[in-house]
Asker: 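Mind looking over this structure? Questions follow.
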2 protein chains.
Amino acid sequence: MVAETAAHDVFLDIFDGGPTQELAPGEVLLHAGARADHVYNIESGMLMVSRTGGDGRRQVLSFLVRDNFVGLTATEHYFFTVEAVTASRVVCCPRRVLTERLASDGEAERTFMNMLYRVLEDAYDLVYNLGQRNAAERLAVFLLYIRYWKRLSEDITDDADGRLDKVDLPMSREDIADFLGLKKETVSRSFRQLEERRLISRRERTGVRIESLPELRELAGIRDFASPRRLASPT
Amino acid sequence: MVAETAAHDVFLDIFDGGPTQELAPGEVLLHAGARADHVYNIESGMLMVSRTGGDGRRQVLSFLVRDNFVGLTATEHYFFTVEAVTASRVVCCPRRVLTERLASDGEAERTFMNMLYRVLEDAYDLVYNLGQRNAAERLAVFLLYIRYWKRLSEDITDDADGRLDKVDLPMSREDIADFLGLKKETVSRSFRQLEERRLISRRERTGVRIESLPELRELAGIRDFASPRRLASPT
DNA sequence: CGGCAATTTGATATCCATCAATCGGTGTGG
DNA sequence: CCACACCGATTGATGGATATCAAATTGCCG
């Protein structure tokens, strides 16, 4: 895990001293179809990547946190829309700078490619989740996913005091629904179901406490997430 | 498109003279979890990439045809299982050879990375399909997907004689179901539904003729597939 | 405290899964 | 060449999970 961070740092310096941008909740950082001129790194907050069909149906593809990349694409245009879930700060870097860095630095390029592989594995995790699991199982996977991110973005290695079992869900029920391929009412009912089975408890709007991690994992059918770090997301 | 093929050829030569392997329908080329020692290129036939959960649920992640890569992974082990759908022939190459080639040849590495991006876009297409569309829509997308592959693998650029509208589905209904997150009975009923709406007609087990491409596209909610080529698939 | 938006809860409808036959093609042996 | 058996696909009947529509509640912010 530490090695992973170090590897990532190999080219994080392209953002050093770059202009930062503050985003309010709901603010859009970049639109699907716009020219892909820049890449961003997240300094704080949470962003959301989504794709909306011609008929308005929206699929949320991922949630991004600190040190995740935004704006990666092989083409001239962004494929997805990225917006802020919570107040966030991002650093900007011309896409050309990243490109040139990768072209001139073999180690950076290999590291970057490993990042892409991880993102791909995440995408396939989501495919499995949507294709094979029911509503409660999808929500269980989602909670473990968020918990995992929290560990990473807060650099928690030891969880003796159980901080990891209190996860915060700043996104709306509808955002969660669009991520899990469900409707918001079904998400609500699935929360209640997990609560009645004593796997979680809730406080206020966004707070969830994991009461039984083993049972939640069993429901999710997951030992743990395979990828040691989720670093990038193309758009 | 031509440029794309040329770009691909940049490192296809690593397979030159390599040992080939014949696969019978249903034969497994590589297992999830096995050591990732080799990569393969498909010379003929069709393969299928899938992932099976601890409880036996299976998600098919993609179907692969000529010149698709098999066995790509960032880790020491394959993540997915790859098996033959039809009788197939693959060429083998030690993974190290590919790695070294990419490390020493910047152009090859960039080309390879673009392949990865395309695979990622495919994966997100599938996410949208599973998360947001109903059974008939998913099947419509699948048919267009197969049709698109056929165009690529047979190098059809002009379709004056309508060959593209006759697509062949060599995989079983269950394979299709596991790809689309449905059950085989639902796939059957969805075929019938498309037939009753006169969007397709069927001959024998595997033959489908697209009777109204515009209407099929409208149902799928797709103008066309964005990626000019689908080249690789990690495992 | 009051009002608004998000969430939850409730009632019902729809779609897909499940279970159970039947069909149909394919291959085999008489 | 035909009869039969087998296996995948289709069709039918029913059940269950999620969507939809509507109302009540909660939390949030002025």
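Proteins get letters first, then strands, A, B, ... in listed order; numbering begins at 1 in each. As a basis for the values below, the full set of heavy atoms in this structure was taken, side chains included, without hydrogen atoms, waters or symmetry mates.
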Asker: From CG of A:L182 over to P of C:dT8, roughly how many Å is that when rounded to an integer?
Answerer: 14 Å
Asker: Do NZ/NE/NH1/NH2 and the carboxylate oxygens of B:R118 and B:D125 come within less than 4.0 Å?
Answerer: no
Asker: Round to the nearest Å and state the distance from B:R192 atom CZ to C:dC23 atom P.
Answerer: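 Result: 14 Å.
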Asker: Among D:dA19, C:dA17, C:dC16, which is the nearest nucleotide to the side chain of B:K183?
Answerer: C:dA17
Asker: Could you tell me how far apart B:E196 (CD) and D:dT11 (P) are, to the nearest whole angstrom?
Answerer: 8 Å
Asker: Given atom CG of B:L180 and atom P of C:dC15, what is their separation to the nearest angstrom?
Answerer: 18 Å
Asker: Pick out which of B:R173, B:R58, B:K183 makes a salt bridge (charged side-chain N to carboxylate O under 4.0 Å, His left out) with B:D178.
Answerer: B:R58
Asker: For residues 18-31 of chain A, tabulate all N or O donor-acceptor pairs below 3.5 Å that involve a side-chain atom, not counting sequence neighbours.
Answerer:
| from | atom 1 | to | atom 2 | distance (Å) |
| --- | --- | --- | --- | --- |
| A:E27 | OE1 | A:A24 | N | 2.8 |

Asker: Could you tell me how far apart A:K184 (NZ) and D:dC21 (C1') are, to the nearest whole angstrom?
Answerer: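 About 10 Å, once rounded to whole Å.
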Asker: Whole Å only: how far is the CD1 atom of A:I176 from the P atom of C:dA6?
Answerer: 14 Å
Asker: Dump the pairs, protein N or O against N or O of nucleotides 24-30 of chain D, anything under 3.5 Å, distances to one decimal.
Answerer:
| from | atom 1 | to | atom 2 | distance (Å) |
| --- | --- | --- | --- | --- |
| D:dG27 | O4' | A:R205 | NH2 | 3.1 |

Asker: May I ask you to verify whether the side chain of A:R173 and the base of C:dT9 hold a donor-acceptor pair under 3.5 Å?
Answerer: no
Asker: Just the rounded figure in Å: distance from P of C:dA6 to CG of A:D175.
Answerer: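 So the two atoms are 11 Å apart, to the nearest Å.
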Asker: Assuming nearest nucleotide by heavy-atom distance, tell me which of A:S190 and B:S188 is located more 5' along DNA chain D.
Answerer: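 The residue whose closest nucleotide sits nearer the 5' end is B:S188.
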Asker: Ion pair present between B:R147 and B:D165, side-chain N to carboxylate O less than 4.0 angstrom?
Answerer: yes
Asker: Nearest to the B:R189 side chain among D:dT18, C:dT18, C:dC16, which nucleotide is it?
Answerer: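 So the nucleotide nearest the side chain must be C:dT18.
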Asker: For atom CD of B:E218, decide whether the heavy atoms of other residues, nucleotides or ligands shown that lie under 6.0 angstrom number more than 12.
Answerer: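 No - once you tally the heavy atoms of other residues, nucleotides and ligands closer than 6.0 Å, there are 12 at most.
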Asker: Under a 4.0 Å N-O cut-off, is there an ion pair linking A:R192 with A:E196?
Answerer: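 A:E196 and A:R192: salt-bridged.
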Asker: B:S172 side chain N/O closer than 4.0 Å to the phosphate oxygens (OP1, OP2) of D:dG8?
Answerer: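 It does not, given that no N or O in the side chain of B:S172 lies less than 4.0 Å from OP1 or OP2 of D:dG8.
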Asker: Taking B:R138 for its side chain and B:R133 for its backbone only, find out whether a donor-acceptor pair lies under 3.5 Å.
Answerer: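 Pair found, side chain donor or acceptor close to backbone of B:R133.
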Asker: From D:dT20, D:dT10, D:dT11, pick the nucleotide closest to the side chain of B:R202?
Answerer: D:dT10
Asker: Can you say whether a donor on the side chain of B:E185 sits under 3.5 Å from an acceptor on the base of C:dC19, or the other way round?
Answerer: yes
Asker: Atom CZ of A:R133 to atom C1' of D:dT18: distance rounded to whole Å?
Answerer: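 After rounding, the reported distance stands at 18 Å.
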